[in-house]
Asks: 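Let me begin by handing over the structure; questions about it come next.
All values derive from a computational prediction rather than experimental measurement. Hydrogens, waters and symmetry mates are skipped; everything else that's a heavy atom, side chains included, is used. Chain A is the first sequence line, chain B the second, and so forth, proteins listed ahead of strands; every chain is numbered from 1.
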Amino acid sequence: MPYIPHTESDVTQMLAALKIDSIDQLFDEIPPSLLAQQLNIPAGLSEMSATRLMTERSTVSDKQLNFLGAGAYEHFIPAAVWDVVTRGEFMTAYTPYQAEASQGTLQTIYEYQSMMTQLTGMDISNASLYDGASALAEALLMAVRCQKKKKGQTILMPAQVHPFYRQVCETLVKAQGIQLHAVPYDDAGQIDQAYLAQLNTDEAVALVIPQPNFFGVLEEVHALTDWAHSKGLLVVAQVNPMSLAVLTPPGQWGQNINHAGADIAVGEGQPMGVPLASGGPYFGFMTCRESLVRQMPGRIIGRTLDLDGKKGFTLTLQAREQHIRRSKATSNICTNQGLAVTAATIFMSLLGAQGLAEVAQQSHHNCEALIKKVSAIPGVKARFDSARFHEVVLELPVAAESVIAFMAEHNIQAGVDLKPFYPELAQHLLVCVTETKTESDLDRYVASLKQAIEEAKN
Amino acid sequence: MPYIPHTESDVTQMLAALKIDSIDQLFDEIPPSLLAQQLNIPAGLSEMSATRLMTERSTVSDKQLNFLGAGAYEHFIPAAVWDVVTRGEFMTAYTPYQAEASQGTLQTIYEYQSMMTQLTGMDISNASLYDGASALAEALLMAVRCQKKKKGQTILMPAQVHPFYRQVCETLVKAQGIQLHAVPYDDAGQIDQAYLAQLNTDEAVALVIPQPNFFGVLEEVHALTDWAHSKGLLVVAQVNPMSLAVLTPPGQWGQNINHAGADIAVGEGQPMGVPLASGGPYFGFMTCRESLVRQMPGRIIGRTLDLDGKKGFTLTLQAREQHIRRSKATSNICTNQGLAVTAATIFMSLLGAQGLAEVAQQSHHNCEALIKKVSAIPGVKARFDSARFHEVVLELPVAAESVIAFMAEHNIQAGVDLKPFYPELAQHLLVCVTETKTESDLDRYVASLKQAIEEAKN
Amino acid sequence: MLIFEEGQPGRRAAAEAPGKSGAALKFPAHLTRQQPPKLPEVSELQVVRHYTNLSRKNFSIDTQFYPLGSCTMKYNPRGAHRAASLPGFLNRHPLMAEKNSQGYLACLYDLQEILAEATGMVGVSLTPMAGAQGEFAGIAMIRAYHQARQDHARTEILVPAAAHGTNPATAVMCGYTVKEIPVKADGDVDLDALKAAVGPQTAGLMMTNPSTCGVFERSIAEIAQTVHQAGGLLYYDGANLNAILGKVKPGAMGFDVLHLNLHKTFATPHGGGGPGAGPVAVAKRLVPYLPTPIVMKNAEDYRWSTAEDFPDSIGRLSAFMGNAGVLLRAYYYARVLGAEGLLRVAEYATLNANYLMQRLVDLGFTLAYPTRRASHEFIISLSPQLKKYGTNAMDFAKRLLDYSFHAPTTYFPLLVPECWLIEPTETESLQQLELFVQALESILQEAEQNPELLKTAPHTLPVRRLDDVKAARELDVKYG
Amino acid sequence: MLIFEEGQPGRRAAAEAPGKSGAALKFPAHLTRQQPPKLPEVSELQVVRHYTNLSRKNFSIDTQFYPLGSCTMKYNPRGAHRAASLPGFLNRHPLMAEKNSQGYLACLYDLQEILAEATGMVGVSLTPMAGAQGEFAGIAMIRAYHQARQDHARTEILVPAAAHGTNPATAVMCGYTVKEIPVKADGDVDLDALKAAVGPQTAGLMMTNPSTCGVFERSIAEIAQTVHQAGGLLYYDGANLNAILGKVKPGAMGFDVLHLNLHKTFATPHGGGGPGAGPVAVAKRLVPYLPTPIVMKNAEDYRWSTAEDFPDSIGRLSAFMGNAGVLLRAYYYARVLGAEGLLRVAEYATLNANYLMQRLVDLGFTLAYPTRRASHEFIISLSPQLKKYGTNAMDFAKRLLDYSFHAPTTYFPLLVPECWLIEPTETESLQQLELFVQALESILQEAEQNPELLKTAPHTLPVRRLDDVKAARELDVKYG
Ligand SMILES: Cc1ncc(COP(=O)(O)O)c(C=O)c1O
Ligand SMILES: Cc1ncc(COP(=O)(O)O)c(C=O)c1O
């Protein structure tokens, strides 16, 4: 019996101790009418057969040259990261409820929290949320709670926040009567400040600022932060943590000395050592201003002392959480993304500030190099003339869809077609280039793109 | 500096403590004429670039359907095996010289020794030798030491012992004046007993019995063992450990109750949980009759008690080894193949006797199934009409070389051409089939073989 | 020592970064970071050694018996981990073209089918990233259902008092108020109270069965009828599905919607707090509202659902499609177990729980529900020991750690004083259970003879009892 | 508890085996096993838990500072492990067609080139599976060389008294007798004794440089000249190459043949005893005798050498081509370090050793060779402590384990009484060295105040001091 250690004689002995004749008797409190028939599920496989099955299925997706980004980024992950993360003691432990028997996990998260506050320039970090999208939604709920005194519940949500993130926010906040007010982007692909200037903000409680935004473009975070604060709005920064190695951290956004910095900063942690893995498990991070901590969702680890006065780590501020506060909790989250956080912690330790900056710089550099190369193709050019991080919106002379399909035939994942999300951006492709790409990768991309366009034109 | 933690200020502090100005001064005892120029070796790579380089090089060998055996066998390895083996505590420990700080490794080897004596039916196992070939050579040296009273130093070595094993034995024993006397095989692909019957054995000290032999054929181990013992020869069994799940173990070879069983049993441990890995690291195992233990090469782990009377494990009988006995040691071996042994120990625990028997049976079954299928191709048939384990010599109507080349083009590794090793077996192919092959794998093989033969005939 | 404290200015693991590019491209000055973040400055060896040694301070399934009630800490097959880590899965971008993703989509599609069959439901969405998000999805679907019917009066979700904290928290996140239904002394829901509570304001009832009391709710059919008759829907919290897998389908009990905790029932690793996966399965009337995307099959091709397939969906719950790696592990697990194997899970989990319960009764421990069969878990109350020796449930738990057993869940469910919720799971052997019994026997003696030993426990772990109050009062949540 | 003792008759990890085939094919009855071997009968969880917990009883580089002299316990890069474990390498059958193996062959070819360059030699064979087998190959080549010249009188190999045990053992395996050359008080070989010892019977001299005394042999040029003039060849035991990598090429010192311990100098993991790899490199006159196979390059293609390439080879040393996985790791390591990185290895290993030596002198420890620079390692003698406190080198070593440091090599080389051979390696930080110094300072105090504490150490490990004598007398080397 796979995974079940019971021998016949074990079972006999156990049934005897229970004074019953069969295991079935243990289910005698269940109304017989409820008992199921044999499940219509295939018979069990050996590890060998199951592994073979999944290996065959996985190879379909093998060896693609990947220029997809859009919220999930292919960065090189040192081997040490997952070799250590997948140690049984990290991987097969539960949430650290018994602190004394979980110091490994607890100290790791404490270190993670420390790193995230450094990276974001914020005061406090939690221990993770599910992913970048749900972290943003939780930040909106948190912002509303922090702004309870305000009469409205509207969030200003730029259109160039990741479309899927906006959808997730819709799903998660609408039941509580919270409105998302769409803020348009301007010609530079940035938040339209002129639009904001004329906006009635009475009902608004927070402004979301993506940095970089979905187009890969950098926003004018200082001006936006100052504007939001001047209107009594909280600033929710939605940031790529890798970019923070080189970009001003949310904690330093704005020039208003009385209220500088974003109030909540969230994002997708995946770039920090977590594989693309078809979309998850990743992790959402959340950091905030210290004064807001009691409205923060998710676990927080604190350092304290033991009976002997020795330092140790434990779950803290649990009065925010569902297992203590139930219906009054800051969120329903329980299980989070601990293992991915462990990976990120090790990743950040290995890379350090300088290593992260190199990754960020090199990604940016490669993206710019690709733009230069593709711009030589007639009809292809970068759409927004703004500073970027490592993604670019390419304007094409043909439908992006056809280019994607053509290049996929040649095992190149060309980018994301923007048309479904931005009808005004038909024939636009969102392309990401990270430090993993070599000169010859870029050349392969360009050659294939050229062919794809010619093909599409014929 | 990759892997070197020293900061500039660390170095300054250290040099100051040493009262020198530069690291170079530490080399001032070296005659300057000896100092090297810059090495002509490529500049260093990042982990990312080195990984990419090796990934590209590795993919060349990817996704081959493998019917090669000949001493290295593709068996399924449960994931748990190497997940546990590659834990840092196993992988990055040295030889367990400090027993109290090495109980993990020591107990594992003790368990391994216990399993190997069970599997082989022998009294004592060492902790491993390099591989199956060098283990056989060490067994010959050991046999000669055990037979010191005999006048000769000749080993009877069947021609159907793995050709590479015979070559390794040549290399390792010839400097000590030991002769290998070739024993021919008969029509059944087995040791020619008629030849033995007429042989003058005055100079001989031992007979090597391979089971199964290089042709995959089972030898008449009982008769051979009895014959050897009747002539005062030691029996050195060279066995595939996987086969011992279903075949009579060397410890029970022979019917002479006064001297039953092989005296030394060796073999390649790779089938027990060690990946093909281009040929290594594998491990050679060696077991023997208790009376011979003081001539055994390699480490042995013993169980003993600690100061508190608690059981523990330690290196024992070290007086056989080079670090104690130097020029009088039983062998020069020091570093062995510990990590592969750890894998084998876990593998055997997971499979158990029944699981190993299933692997052996299924491999045998698949091999017979392939023989049946290929026999339908005109001119193709199994060469020796004897019981086999999981390998077969196929007689082909064309040169094996051309078949191998053709099938390699289709990513099938067809088998080993026997011509270079046995000129009399031109147009013969040694094929291995293990439990990893499915019906459709066999069909793919057969179809490709058919095509290859047709191609070669044209 | 913290990883930060092991560093030295300027030290780094140089091989791990790509190095500097030729041209140093600049970002606009005002958007450029001025001070680098203070991250650890350490060598590769230091990192590996630090985190390897940290890991050794954890208890885990791989190293200890871990009978944490409600958490189903069963063996996490290493084969599942390998299968999910195959390069084709691990390096696959979530937005990779469907034509390059057929194998991956096939796995998810099959998993959807398996979960539907195992739960007796019709539609499945795999996207929720943990149990609590599954709950959200489920309650949001209930809400969408009522709204679609213009039934706006339904503002209340009922939960039994024994419910997990995520249940009421979820209801509130979905805009509902929560009403608790009492549980009777025999562990079953108070049916009269339920009948009194339901009404036109009832949107639905959330419950687990077997409940967190470790017993099977016998009047489930009547409960379902009661709620349905009042116009409400039934939500099944699948955290305890391990107890009835293959034995009873939640659909058969009358539930309309449920989530599964794949990180419990389907043996995916908990990772020291996560990740999990909380797929939702629904009866026919809720299918239109399933969260998206879902994997669809046309003839031989697999594809992602589009907005046209599910125009009434509650929407998207994750940036991409949930915790794919967890789903792949669960799929592997289901395929290795097969129909018979899934059924055995429930049988042996239940056998272990009942046997262990009996053995603890033999030792003199007090059951919370002495007249009942255990499900896959059961509750003892340490109130008698608190009275006699002054040692509470936590003291016993901490002392158990010294014996190298992880403690059961303590103080949950809240309604049993000084309780332990004990879940041995089906992957532990009789001999392992007996070692646990021996440890408790010994601790019971210690409680009698030397209660201080328990009150100051643990004594053999990296730290002794930690001061939680200090942790909350003097917040120290980051280095420096 | 042994894994056997955790089993129960009939238990198994069922998913791990392929299951039974349809037709039960039989082997001839007399060749068929009658009794199955008594292997453990355990579940998958039991196996994982058992061996995970066993591993936790080891000290290792990943968990402790491990200054084991002569063993070069430096950080083993995880990147090398991953590269060598790529499916294309791991699943590659050793006899796979050359055309399907070009990438693999390219790695080995490049490694041959790198090792030749780093050692100043002309030919390299990668096949020896550890240092000792490399030594065998080297001495066998020396033998083949003399024999080819019909110089049959050479029957003796010289080794310095400080030599590692494998050196004399190897010489004997190659059919030679061994003569030891004394070492002077300053750690250098006694040149007069050497001059007296060489002659027409001299086949060669085996030595390390720096020697196992932890000092660089200063008169190496004269030694080489002496041996060469007598018609002997010089063998370099590369175990200490870490000390001079990139600084001094053994070829430049006059050596004719050498082995490298890739599991030391090239950072491949020791695996609790193995595997290693001991490639040999030779000067021009020994190239014809290299063990085979070797990777050859024709234009753009790589291929294995054939008998025609090396008709005079000493032959084959392993069933296939040595420890391929170790070679791939070493190749990765060499490529990550590059020329500058390899040189830094020697520099920082030497810096660490000399610094640590100075710090131990500060504490009052006695150096074996006080007038000398340390190479990458150095020797202290604990004779004074034995005299003063009755605590010997082993007592200090065992006590050090209690401080969570692995002990240095004890009682080797044999010629220094109560010695410790200490090798910190270049991958340990100054701060780590200081922690080690602090521990020794503390142990020194303990030796003075409470020598019993040392004599009965260790006190905090899974077992206390083990009875080795009993182990050898009452042989218990298997279960049951
Ligand atoms: C009964 C019950 N319901 C719900 C949950 C929530 O599941 P998750 O932690 O996956 O969000 C849990 C798990 O902690 C549980 O035990
Ligand atoms: C000086 C010296 N020579 C030779 C050897 C033998 O190397 P190996 O153990 O790889 O056979 C060693 C290692 O133990 C050594 O330290």
Side-chain angles (χ1 to χ4, degrees), chain B residues 5 10 14 23 39 41 43-44 47 54 57-58 60-62 68 78 84 87-89 91-95 100-101 103-105 114 118-119 130 133 167 171 175 275 278-281 302-304 306-307 312 316 322-323 326-327 329 332 335-339 349-350 353 355 358 365 408 435, chain D residues 13 16-18 21 36-37 39-40 47 51 54-55 57-62 79 83 86 88 90 92-94 97 103 129-130 132 165 168-170 172 174-175 178 269-276 315-316 319-320 323-324 338-339 341 347 355 429-430 461 463-464 466 470-471 476 478-479:
Chain B
D10 289 342
M14 294 170 87
I23 294 178
L39 295 177
I41 287 174
E47 177 171 337
M54 290 183 74
R57 288 185 169 184
S58 75
V60 185
S61 305
D62 241 356
L68 296 164
V84 175
R87 285 173 58 83
E89 296 95 323
M91 194 155 76
T92 71
Y94 203 76
T95 304
E100 296 84 357
Q103 289 294 299
T105 290
S114 306
Q118 276 297 328
L119 205 57
Y130 302 130
Q167 290 176 24
T171 310
S278 296
R303 184 155 65 168
T304 184
D306 77 355
L307 272 182
T316 194
Q322 49 72 29
H323 63 286
R326 302 177 69 83
S327 62
N332 70 341
T335 291
N336 60 23
Q337 305 285 122
L339 202 68
S349 302
L350 281 171
E358 286 175 15
H365 178 270
E435 88 287 3
Chain D
E16 306 305 60
S21 65
L39 295 181
V47 173
Y51 289 105
L54 273 190
S55 78
K57 296 183 177 182
N58 274 359
F59 279 28
S60 67
I61 301 173
D62 277 7
L86 287 160
L90 213 58
R92 188 185 160 275
H93 190 283
M129 289 176 285
T170 296
V172 169
C174 288
V178 175
H270 293 68
R316 183 178 277 272
F320 299 104
N323 282 334
E347 292 180 340
Y355 177 80
S429 69
L430 166 60
L461 298 197
V463 291
R464 294 188 55 207
L466 289 162
K470 181 183 162 67
D476 171 358
K478 66 178 179 192
Y479 171 69

Asks: Output the option from B:G88, B:A133, B:A101 having the highest count of non-hydrogen pairs under 4.5 Å with chain D.
Replies: B:A101
Asks: Do you know which of B:G279, B:P281, B:G355 has the most heavy-atom pairs under 4.5 Å to chain D?
Replies: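 Winner by heavy-atom pair count: B:P281.
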Asks: Between atom OG of B:S61 and atom CG of D:L90, what is the distance when rounded to the nearest 0.5 Å?
Replies: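 CG of D:L90 is found 12.0 Å from OG of B:S61.
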Asks: Could you have a look at D:G338, D:G272, D:A324 and say which one has the most heavy-atom pairs with chain B under 4.5 angstrom?
Replies: D:G272
Asks: Any donor-acceptor pair under 3.5 Å linking the side chain of B:T316 with the backbone of D:A471?
Replies: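 Answer holds: yes.
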Asks: Once rounded to the nearest 0.5 Å, what's the spacing between atom OG1 of B:T105 and atom CG of D:N58?
Replies: 3.5 Å
Asks: Chain B: which of D:G175, D:P275, D:A17, D:G79 shares the most heavy-atom pairs with it under 4.5 Å?
Replies: D:P275
Asks: Below 4.5 Å, heavy-atom pairs only: which of D:G271, D:A130, D:A97 has the largest tally toward chain B?
Replies: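 Greatest number of close heavy-atom pairs with chain B: D:G271.
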Asks: Check whether any side-chain heavy atom of D:T170 sits under 4.5 Å from a side-chain heavy atom of B:Q322, and report yes or no.
Replies: no
Asks: Only pairs of heavy atoms separated by less than 4.5 Å count here; which of B:L119, B:D62, B:D306 has the most with chain D?
Replies: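 Looking at each of B:L119, B:D62, B:D306 in turn, B:D306 comes out on top.
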Asks: Rounded to the nearest 0.5 Å, what's the gap from OG1 on B:T335 to CG on D:N323? Could you check?
Replies: 10.5 Å
Asks: Is chain D contacted by the side chain of B:S58, its backbone, both, or neither, given a heavy-atom distance below 4.5 Å?
Replies: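 Contact with chain D is through both the backbone and side chain of B:S58.
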Asks: Heavy-atom cut-off 4.5 Å, strictly under: side chain, backbone, both or neither for D:V463 against chain B?
Replies: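 Both parts, backbone and side chain.
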Asks: What option among B:A43, B:G302, B:A329 has the most heavy-atom pairs under 4.5 Å with chain D?
Replies: B:A43
Asks: Please give me the minimum heavy-atom distance between D:Y479 and B:S114, naming the atom from each residue.
Replies: N-OG, 2.7 Å
Asks: Which heavy atom of D:P36 sits nearest to which heavy atom of B:A353, and what is that distance?
Replies: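 Answer, listing the atom of D:P36 first, then B:A353: CB-CB, 4.1 Å.
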Asks: What residue in B:A93, B:S327, B:S349, B:A175 has the most heavy-atom pairs under 4.5 Å with chain D?
Replies: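 Option with the top pair count is B:A93.
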Asks: Considering all heavy atoms of both residues, which atom of D:A13 and which atom of B:L350 are nearest to each other, and what is their separation?
Replies: CB-O, 3.5 Å
Asks: Step by step, work out the side chain to side chain contact (heavy atoms under 4.5 Å, CB included) result for B:R57 and D:L86.
Replies: CA-CA 10 Å; B:R57 288 185 169 184; D:L86 287 160; over 6 Å; no
Asks: Is B:E100 in contact with chain D via its backbone, its side chain, both, or neither, using a 4.5 Å heavy-atom distance?
Replies: both
Asks: First locate atom CG of D:L54, then atom CZ of B:R87, and finally report the distance between them rounded to the nearest 0.5 Å.
Replies: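 So the gap between those two atoms works out to 10.5 Å.
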Asks: Mind checking whether D:H270 and B:T95 have side chains closer than 4.5 Å, heavy atoms only?
Replies: no
Asks: In terms of heavy-atom pairs under 4.5 Å, which option from D:G315, D:A169, D:G273 contacts chain B the most?
Replies: D:G273
Asks: Given that the side chain runs from C-beta out, which part of B:L68 has a heavy atom under 4.5 Å from chain D: side chain, backbone, both or neither?
Replies: both
Asks: Looking at chain D, which one of B:E47, B:Q337, B:R326, B:E435 has the largest number of heavy-atom pairs inside 4.5 Å, strictly under?
Replies: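 Ranked by contacts with chain D, first place is B:R326.
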Asks: Would a distance-only check, ignoring hydrogens and angles, find a side-chain to backbone donor-acceptor pair under 3.5 Å from D:S429 to B:P5?
Replies: no
Asks: Determine whether the side chains of B:T171 and D:R316 contain a donor N or O and an acceptor N or O closer than 3.5 Å.
Replies: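 No, because no side-chain N or O of B:T171 sits under 3.5 Å from a partner of the opposite role on D:R316.
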Asks: Could you state the interatomic distance from CG (D:D476) to CZ (B:R303), rounded to the nearest 0.5 Å?
Replies: 4.5 Å
Asks: Quick one: which of D:K57, D:R464, D:K470 has the most heavy-atom pairs under 4.5 Å with chain B, could you say?
Replies: D:R464
Asks: With a 4.5 Å cut-off on heavy-atom pairs, point out which of D:D62, D:L39, D:L466 contacts chain B the most.
Replies: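 Winner by heavy-atom pair count: D:L466.
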